[in-house]
Amino acid sequence: MKDLVSRRDFLKTTGSVAAASALTAASIPSVHAAGGDTVQVALVGCGGRGTGAASDALSTKGGDVKLVAVADVLQNRMNSSFKQLAGEFKDQVKVPEENKFLGFDAYKKAIDTLGKGDVVILTTPPAFRWVMFKYAIEKGVNVFMEKPVTVDGPSSRKMLELNEEAKKKDIKVGVGLMVRHCKGRQQLFDRIKGGEIGDITAMRAYRIHPPVGSAFSTRKPEKESELIYQVKRFHSFLWASGGLFSDFYIHQIDECCWMKDAWPVKAEALGGRHFRGDNIDQNFDNYSVEYTFGDGTKFFYYGRHMVGTPSRFFSGVHGTKGSAIVSASGHTPGKVKTFKDHNMKEEIWAFPQPEPNPYRVEWQDLLDAIRDNKPYNEVERGVKA
Ligand SMILES: NC(=O)c1ccc[n+]([C@@H]2O[C@H](COP(=O)([O-])OP(=O)(O)OC[C@H]3O[C@@H](n4cnc5c(N)ncnc54)[C@H](O)[C@@H]3O)[C@@H](O)[C@H]2O)c1
């Protein structure tokens with residue numbers, strides 16, 4: 001098809017766009033949040049991560065932050081999230097009854113309560129991301145959106161297209177790849193760049209654990225609508241999330257590519273599904289991918305989600321002079337280290353514990369950028385990851 005872009009061309013184009021946008025943004029005059037120093041926040045998608053992201057936003061330092069609106073398609077999710085946030089942040093949760101919005105157009109009403117300088121949190125299943133991003137851009141509102149930001153090729157191109165408009169308007173956009181804000185991983189990146197473990201020759205990552213989230217699904221209960229069922233169990237359906245591969249593996253794929261400071265040019269993959277009774281989800285049980293970078297370096301990714309099997313979570317890098325841990329056992333703490341050897345025994349350096357929580361740091365970084373009117377846009381990285 002004419003409009004299909006090769007991955008190589010796609011990366012070339014997006015790279016030059018990023019450089020151009022940084023220049024444009026730098027020349028735009030200062031803007032302030034609608035409520036003076038107060039940054040108002042609206043939460044769209046009041047699930048587990050949405051509630052967490054709102055809590056991270058309300059915990060930032062450097063100025064007042066208030067939650068002023070909430071939106072969801074499910075009343076019970078909205079109620080429990082609101083109750084938790086109002087209990088935890090009594091003075092900062094200022095959501096009048098008329099600012100609690102329910103339904104598939106609720107996001108518009110929540111965004112309408114905000115002004116320039118405020119932030120909408122988009123933490124619904126990823127399928128809705130570009131639609132909501134588009135409206136936020138139209139309204140000139142800053143955005144924090146969770147990963148994954150797209151579910152397939154067409155929605156990736158759509159997101160990049162929309163982002164051009166966001167950059168022209170100097171809208172600040174944070175994307176929930178919080179590992180990028182982890183102080184330990186940032187120092188590790190600098191050390192690898194500085195040659196501490198030599199040239200990277202191989203990387204490997206594992207995410208192996210029993211099924212979690214809504215990745216495996218049996219048939220829909222008779223009384224529930226098909227749409228609501230699939231929205232609730234979004235990890236099970238490719239249109240809604242890109243499937244568990246996209247939703248679960250994005251962080252480790254991103255962190256390893258970050259350490260290599262490049263994106264792969266080729267991916268060859270295997271996956272398989274065993275007999276799982278009457279499960280109707282679209283996921284495999286196991287995936288393995290061999291990524292190849294332009295210089296021939298390989299990155300091997302392994303994922304498996306089966307009941308009764310052992311668990312493993314790890315991302316590591318091997319170089320000509322040693323190796324490094326990028327993730328020891330989870331996203332946070334990363335417990336990054338460098339080693340002289342490949343058995344990861346002879347330690348060179350370890351980031352001191354405890355590490356600052358990257359979910360908090362990513363919000364501090366976004367709000368600092370809003371208050372200081374610094375260019376801030378993580379969309380391209382989010383799409384490429
Ligand atoms: N960065 C991270 O480490 C991290 C961790 C967990 C989840 N996430 C991401 O956050 C997003 C949400 O995940 P979750 O675990 O909170 O899921 P969840 O099911 O707990 O929450 C999603 C919420 O969105 C609501 N919703 C669905 N469609 C909607 C719509 N069209 N309009 C308004 N509300 C809608 C649902 O009713 C639900 O309350 C996903 O993209 C997920 O990948 C990121």
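This is a predicted model, so every value here is computed, not measured. Just so you know, ligand 1 is whichever comes first in the structure, and atom 1 is the first atom listed for that ligand.
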Just heavy atoms, cut-off under 4.0 Å: does V231 contact ligand 1 by side chain, backbone, both, or neither? side chain
Location of contacts on D247 toward ligand 1, heavy atoms closer than 4.0 Å: side chain
Y301 pairs by ring pair (Phe, Tyr, Trp, His ring centres under 6.0 Å) with which of F314, Y287, Y249? Y249
Is there at least one pair of N or O atoms, one from G176 and one from ligand 1, spaced under 3.5 Å apart? yes
Mind checking whether K147 contacts ligand 1 via backbone (N, CA, C, O), side chain (CB onward), both or neither, at a 4.0 Å heavy-atom cut-off? both
Please check: side-chain N/O of S214 versus main-chain N/O of H235, any donor-acceptor pairing under 3.5 Å? yes
Part of R233 within contact of ligand 1 (heavy atoms, under 4.0 Å): neither
Under 3.5 Å, is there a donor-acceptor pair linking the side chains of E355 and Q353? yes
If you measure only the distance, is there a donor-acceptor pair under 3.5 Å linking the side chains of S217 and R233? yes
Provide, to 0.1 Å, the distance between atom 11 (C) of ligand 1 and the closest protein heavy atom, together with that atom's residue and name. T124 O, 3.7 Å
How far is atom 18 (P) of ligand 1 from its nearest protein heavy atom, and which residue and atom name does that atom have? R77 NH2, 3.8 Å
Touching ligand 1 at all, P148? Heavy atoms, strictly under 4.0 Å? yes
Without swapping roles, check the side chain of D56 against the backbone of W363 for a donor-acceptor pair under 3.5 Å. no
Can Y107 be said to touch ligand 1, with heavy atoms closer than 4.0 Å? no
Closest by any non-hydrogen atom to atom 2 (C) of ligand 1: pick that one out of H251, H331, M145. H251
Quick one: do F133 and N163 satisfy side chain to side chain contact (heavy atoms under 4.5 Å, CB included)? Show the steps, please. CA-CA 9 Å; F133 184 43; N163 196 39; 3.8 Å; yes
Could you identify the single nearest non-hydrogen protein atom to atom 7 (C) of ligand 1 and state the distance to 0.1 Å? R49 CB, 3.5 Å
Distance to 0.1 Å, residue and atom name: give those for the protein heavy atom nearest to atom 38 (C) of ligand 1. D72 OD2, 3.6 Å
Identify the protein heavy atom lying closest to atom 24 (O) of ligand 1, giving its residue, its atom name and the separation to 0.1 Å. G45 CA, 3.4 Å
Using the ring of each side chain (for Trp, its six-membered ring), is F189 parallel, tilted or perpendicular to W258, with breaks at 30° and 60°? parallel
Below 4.0 Å from any atom of ligand 1, is there a heavy atom belonging to R129? yes
Does P126 reach ligand 1 with a nitrogen or oxygen that is under 3.5 Å from one of the ligand's nitrogen or oxygen atoms? no
With heavy-atom distances below 4.0 Å as the criterion, list the atoms of ligand 1 near G48. 16 (O), 20 (O)
Locate the shortest heavy-atom distance separating P125 from V231; write the atom from each residue and the value. CG-O, 3.7 Å
Under 3.5 Å, is there a donor on one side chain and an acceptor on the other for S327 and E255? yes
K232 touching ligand 1 at heavy-atom level, < 4.0 angstrom: no
Between the side chain of S241 and the main-chain N/O of F234, is any donor-acceptor distance below 3.5 Å? yes
Answer with yes or no whether P125 contacts ligand 1, where contact means a heavy atom under 4.0 Å from a ligand atom. yes
Within a radius of less than 6.0 Å around NZ of K134, do more than 12 heavy atoms belonging to other residues, nucleotides or ligands occur? no
L114 and side chain to side chain contact (heavy atoms under 4.5 Å, CB included): which single residue from N142, V41, V141 fits? V141
heavy-atom search around atom 44 (C) of ligand 1 in the protein gives E146 OE1, 3.1 Å
Any side-chain donor near an acceptor of the partner, K172 and N373, under 3.5 Å: yes
Write out the residue and atom name of the closest protein heavy atom to atom 32 (N) of ligand 1, then the distance separating them to 0.1 Å. M132 CE, 3.5 Å
Looking only at protein heavy atoms, which one is nearest to atom 23 (C) of ligand 1, and how far off is it? G47 N, 3.7 Å
